Each structure stands twice: as C-alpha cells, then as structure tokens.
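Presented below is the structure to which this report refers.
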Amino acid sequence: MSINSPAGEELSALIAAAGVNMAASGSIPAIRRVAIFGGTHGNELSGVFLVKHWLKHGGEIARPGVEVRPFITNPKAVEKCVRYIDTDLNRVFDSQSLSSDDVGKLPYEIAQAQKINSLFGPKGSKDAYDVILDLHNTTAHMGATLILESSTDDFNIQMCKYIQKSMAPLPCAVLLIEQPGVKYETTRSIAKHPIGVEVGPQPQGVIRADILYIMKIVVQYALDFMQYFNEGIEFPPCSIEVYRVLEKIDYPRDDNGDLSAVIHPTLQVRLARLAA
C-alpha cells in the first residue's frame, strides 16, 4: 500500500489498498466479532439512539457467522446528556490509562476505559474484537464521514470504499488521523480494525431524523461488507481520497482572549469536514 500526498497545502491525499479475498489468501482472517459503540460522548445522541434500538431489535444488525454487539460506552455521560463526566473517554485508551491500578481514585472515564478494554480487547491482542464501529455526531455540516486510524489497513480501506459506493449519490468522506499531533487513543482503537462514524450537522443533545438515517445506513453497509468479505467475495485493489488535518485555526481574538469575530452567514452552512 502506498500513500501519496499532493503538493502544496491540499487537505486530501490518495491511499490505496491491495485487493482482499479472505477465501483466496487468508492474509486477513474472517470477521467474527463486531461491536457498535454509541454514547462515547454522552450528548451525541444518534449513536445512543441506534445502540439502544439495536439492543432491543438485534435482528436488524445480525449477519451470518458474526457476533454483532451494540454497546453504550459511557452510560453516566449518556444519563446526564453531557460529553463526559471527568475526562474525554475518546482520548484515554493509551497504555498508561488502561494499566493504571489506582483503584477507587481513577477518573470515571479511565475506569470505564479499563472495563471496555476487558470486554472488547485487550487492546493489541489476538483476542481483541475484529471491528469496532464508534458512532459520533458533530455540529459541523459535514454529512457522513468515516474516520480511519491507519493508511495501511487494507480491510478498512476496502470497507470505506464499499460504503462510499453503496451510499452514492450521498457523499461520504474519509478522514485519516494517523499523523503525529492528530492521532489520539480512541475508544475504538482496541479493535483490530477500528472505524469512527461521524455524521452532522446535529446539535448536542438533539436527534435529527435525517442524520439518524444516514448513520444507520452507514452501519448497515459496513455490516454488509463484512458479510460479503466472510463469504469470500473478492474486492479488487482500490484507492480512496482521504482528508487530513494540517493545522487548526482559532477564531480571531482580542488582547483579553475573547472572540472578536464569528463565522460569516454565507459560510455558516457550507459543507465542512471536522473530526470528533
């Protein structure tokens, strides 16, 4: 696999995946255990709604030969409808946090991360879940975006390509977060093939039917791909365009650090790409 970055200050790059055929090569084992995470951020309600729905109606996400487990990752934050209680759950799946033994004194999300790691990991081990789909919302007007953590994961690149083709003509961008300064230790990173699903715009603490529908079909297409992959269907070599964060630009501020400008009305609802 290769990655080629365009010259200049472009936000996009092309990454390519080798063809994958589980039955032919065996280089990538069949997918047997999949988790769908909702509520990593407790006020991003599309994933919370869908996970709770699928806990009651699991037949919608059932696939032959695959255990699909919906799971609310941050139940206390969901109950209070806040992003997190003590610290961001989506940033604490590093080795230090996962191995801390300061029992009784750990921030809630670090204790929860250790629990999640014991259920779906351990991270980096052969026993970790094959795929985790981590569901997020954003206030950014970005539609559906898939978040990749590695440009060398052939399986995930092929899955992103399949989802994009299946969703057309609806757009579905891919954000790559592997570079230093951008990559963080996500909740989904305990899986062998982690994928973030980010859909917006949606205000925090609100559910929009159109955003919910987009998130639902992204998950369904991802599960379809896994089923076809397990059945030995060949996926030829492909390439996808990905977006990368080059820098973060703050709002203009005055000498006291207060905002001195806001987004212009003509730009406010234009399509944006932004990570969770």
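These numbers were taken from a predicted model, which means no experiment stands behind them.
- Although no hydrogens or angles enter the test, the distance criterion places no donor-acceptor pair under 3.5 Å between the side chain of N43 and the main chain of Q204.
- Within 6.0 Å of CZ on F71 lie more than 12 heavy atoms contributed by other residues, nucleotides or ligands.
- Between I217 and L170 the shortest side-chain heavy-atom distance falls below 4.5 Å.
- Here the closest non-hydrogen pair linking N256 and D254 is N-OD1, 2.9 Å.
- When atom types are taken as modelled, the side chain of T40 and the backbone of T73 share no donor-acceptor pair closer than 3.5 angstrom.
- Under the 4.5 Å side-chain heavy-atom criterion for grouping Ile, Leu, Val, Met, Phe, Trp and Tyr, Y213 is connected to I61 within one hydrophobic cluster.
- Of the possible polar contacts, none joining the N117 side chain to the G121 backbone as a donor-acceptor pair under 3.5 Å is found.
- Without hydrogens or angle criteria, R32 side chain to G65 main chain gives a donor-acceptor distance under 3.5 Å.
- Checked by atom type and distance alone, the side chain of E109 pairs as donor or acceptor with a backbone atom of T87 at under 3.5 Å.
- Using a 30° and 60° split on the angle between ring planes, F235 and F225 fall in the tilted class, from 30° to 60°.
- In this structure, R188 and V131 have side chains that are not in contact, with every pair of non-hydrogen atoms separated by 4.5 Å or more.
- Put simply, the side chain of D94 gets close to the backbone of Q96: a donor and an acceptor are under 3.5 Å apart.
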Test log, rule side chain to side chain contact (heavy atoms under 4.5 Å, CB included), inputs R63 and V34: CA-CA 10 Å; R63 295 296 186 276; V34 178; over 6 Å; no
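- For D130 against A30, the heavy-atom pair with the smallest separation is OD2-O, 4.2 Å.
- Side-chain N/O atoms of H41 and D88 include a donor and acceptor closer than 3.5 Å.
- Two different hydrophobic clusters hold I132 and M159 under the rule that ILVMFWY side chains link at heavy-atom gaps under 4.5 Å.
- Atoms OG1 and CG, from T187 and L89 in turn, are 4.0 Å apart once rounded to the nearest 0.5 Å.
- The number of heavy-atom neighbours closer than 6.0 Å to CD of E60, taken from other residues, nucleotides and ligands shown, is above 12.
- Using the six-membered ring where Trp is involved, Y162 and Y228 have ring planes that are perpendicular, over 60° apart on the 30 and 60° scheme.
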Side chain to side chain contact (heavy atoms under 4.5 Å, CB included) between K52 and V78, intermediate numbers included: CA-CA 11 Å; K52 289 183 176 181; V78 169; 4.2 Å; yes
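- Here the closest non-hydrogen pair linking L146 and I195 is CD2-CG2, 4.5 Å.
- The aromatic rings of F229 and F155 stand perpendicular to each other, their planes meeting at an angle above 60°, with 30° marking the opposite boundary.
- Summarising the local packing, NZ of K161 is surrounded by more than 12 heavy atoms from other residues, nucleotides or ligands at distances under 6.0 Å.
- The environment of CD in Q227 is crowded: more than 12 heavy-atom neighbours from other residues, nucleotides or ligands sit within 6.0 Å.
- The minimum heavy-atom distance between Y129 and R33, with the atom names listed, is CE1-NH1, 3.4 Å.
- Atom CG of D250 and atom NZ of K248 lie 11.0 Å apart (nearest 0.5 Å).
- When side chains are defined from C-beta on, I177 does not count as touching V245, because their heavy atoms never get closer than 4.5 Å.
- A single hydrophobic cluster is not seen to contain both I110 and Y184; linkage of ILVMFWY side chains at heavy-atom distances under 4.5 Å, directly or through other members, places them apart.
- In this structure, G39 and V48 approach most closely via the heavy-atom pair CA-CG2, 3.6 Å.
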Side chain to side chain contact (heavy atoms under 4.5 Å, CB included) between V219 and W54, worked out: CA-CA 11 Å; V219 172; W54 287 326; 3.7 Å; yes
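- Of the inter-residue distances, the one linking I72 atom CD1 with I36 atom CD1 reads 11.0 Å to the nearest 0.5 angstrom.
- In this model, a donor atom of one side chain and an acceptor atom of the other lie less than 3.5 Å apart for S46 and Q202.
- Under the 4.5 Å side-chain heavy-atom criterion for Ile, Leu, Val, Met, Phe, Trp and Tyr, I233 and L223 are members of the same hydrophobic cluster.
- In this structure, the side chains of N137 and M215 come closer than 4.5 Å at one or more pairs of heavy atoms.
- Taken to the nearest 0.5 Å, the CE atom of M226 stands 14.5 Å off from the OH atom of Y221.
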From CA spacing to verdict: side chain to side chain contact (heavy atoms under 4.5 Å, CB included), S166, D224: CA-CA 10 Å; S166 299; D224 288 345; over 6 Å; no
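- N156 places a side-chain N or O within donor-acceptor distance of the main-chain N or O of P194, the cut-off being under 3.5 Å.
- In this structure, S100 contributes its side chain and S97 its backbone to no donor-acceptor pair below 3.5 Å.
- Using a distance-only test at 3.5 Å, with no hydrogens or angles considered, no donor-acceptor pair links the side chain of Q112 to the main chain of N74.
- Separation of atoms CD (Q164) and CD (E241) is listed at 8.5 Å; rounding is to 0.5 Å.
- Between L133 and A222, the shortest heavy-atom contact is CD1-CB, 4.1 Å.
- The structure places NZ of K192 at 12.5 Å from CD1 of I28, a figure rounded to the nearest 0.5 Å.
- Note on F37 and I211: separate hydrophobic clusters, where clusters join Ile, Leu, Val, Met, Phe, Trp and Tyr whose side-chain heavy atoms are under 4.5 Å apart, directly or indirectly.
- Partner of T186 under the side chain to side chain donor-acceptor pair (under 3.5 Å) criterion, chosen from R91, H136, E149: E149.
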